[in-house]
Amino acid sequence: MIAKLFYSLRWKIVALFVMSLALSGLSLVGAFFVMFVLNELNIRILFDIARELDNMFGWPVVVVVAGIFFFVIYTFVLSRRRILYLVRITKAVQRIANGHFDERIPVRYNDEMGELASNLNKMSEQLKTSIEDERRAERTKSELITNVSHDLRTPLTSITGYLGLIEQDRYRDEVELRHYVHIAYEKSKRLHALIDDLFEYTRLSGGGLSLKKSGIDLVEMIGQLTAQFQYEMRQAGMEIRLSFPKHKVMIEADGDKLARVLDNLLANAVNYGREGVYIDVTVRVQGKDAVTEVVNYGYPIPPQDLPHIFDRFYRVEKSRSEDTGGSGLGLAIAKQIIELHGGSIRAESDKSRTVFEIKLPQG
């Protein structure tokens with residue numbers, strides 16, 4: 001506290017004042033000494049000027065004026081760096097006000113001026129971050145509208161087209177009529193799924209979703225979920241291999257939400273891992289976390305796509321295929337659900353395998 005007070009600006013101003021007074025006094029003494037020495041050397045010009053000033057104003061006035069002159073000079077000299085630093089801060093504030101948020105002020109002092117410079121740097125950084133976040137949000141909003149429009153328009157166009165053919169009786173027989181109805185029905189289901197995904201993602205992003213947690217045995221839950229995928233596995237010519245601990249692995253979680261995450265990972269493993277034949281699902285305990293891995297051995301995720309697969313509306317398939325592309329929200333929703341549970345989800349992929357790993361705190 002004392003050190004902070006000693007380094008404060010007010011004490012430095014007092015010290016500057018005292019030092020200027022002291023140097024002014026020394027300068028007066030030095031001036032008298034110089035005049036005396038020059039007078040002894042018969043160089044009387046300064047002595048004569050001083051005597052004339054004494055005759056005109058008197059010694060007290062001359063000494064006071066000289067002292068004030070020296071005081072002003074020393075005050076300007078000693079405070080020059082501070083004044084220039086204050087000018088530097090003023091110019092930086094003007095540049096920040098004009099939108100140059102990369103402006104930074106070097107912190108040269110450990111007093112109020114240094115604190116002011118540091119706070120201005122923080123303010124500039126926060127303003128820059130806020131504006132970048134605002135621009136990013138605006139871009140995201142535009143992308144969201146574009147992607148939603150595309151994803152909703154595609155099945156809606158098909159539904160409208162096939163229903164239009166039916167409305168205009170442009171079908172050959174009842175078989176073709178049923179075919180058109182079936183296509184329209186499948187497209188309407190996809191449209192419904194897209195709207196559900198979008199609604200779910202909006203609820204998760206807006207914080208409007210509350211979890212209904214209960215004690216869940218992760219081993220039992222995943223065992224039941226994988227059993228439900230046996231038909232899809234057989235259809236795809238694949239086999240699922242399970243590796244579970246013999247004991248229960250208990251977590252506190254919302255069973256429905258967590259099942260949605262695992263359903264998504266298993267469905268992706270079936271869609272993208274057909275070439276690898278096997279899907280491995282592993283549960284293990286790591287420290288205080290319950291770790292679940294879903295591994296497939298199909299085509300790897302390209303390295304340039306891997307960092308973005310949990311982004312909303314991001315698809316590895318640039319063609320946005322309906323058969324394999326999905327809504328582009330599944331993994332984004334999965335990530336948010338896991339994070340709401342206080343856990344984490346990550347992915348890694350190479351030529352040999354693709355792994356999705358979920359970590360959840362044990363209950």
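Small disclaimer: the values here were computed from a predicted structure and weren't measured.
- Residues Thr282 and Ser243 bring no donor and acceptor atom of their side chains to less than 3.5 Å of each other.
- Judged purely by atom type and a 3.5 angstrom limit, Asp350 uses its side chain to pair as donor or acceptor with the backbone of Arg353.
- With Asp289 contributing its side chain and Val291 its backbone, the two residues share no donor-acceptor pair below 3.5 Å.
- Expressed to the nearest 0.5 Å, how far CD1 of Ile333 lies from CD1 of Ile338 amounts to 12.5 Å.
- Both tests hold for Arg82 against Tyr109: distance to the six-membered ring centre under 6.0 Å, angle to the ring axis within 45°.
- Ring orientation note: the planes of Tyr180 and Tyr162 are tilted relative to one another, at an angle of 30° to 60°.
- Shortest non-hydrogen contact noted between Ile279 and Asn296 is CG1-CB, 4.5 Å.
- Cluster partners of Tyr278, by chain and number: Val277, Val295, Tyr297, Val355. The rule joins Ile, Leu, Val, Met, Phe, Trp and Tyr whenever side-chain heavy atoms lie under 4.5 Å apart.
- Nearest heavy-atom pair across Thr354 and Ser349 is OG1-OG, 2.7 Å.
- Taking both residues in full, the closest heavy atoms of Tyr74 and Ser20 are given as C-OG, 3.9 Å, listed atom of the first, atom of the second, then distance.
- Membership of an apolar cluster is not assigned to Tyr185, as no side-chain contact below 4.5 Å to another ILVMFWY residue is traced.
- Linking Ile, Leu, Val, Met, Phe, Trp and Tyr whenever their side-chain heavy atoms come within less than 4.5 Å puts Leu225 and Leu242 in one cluster.
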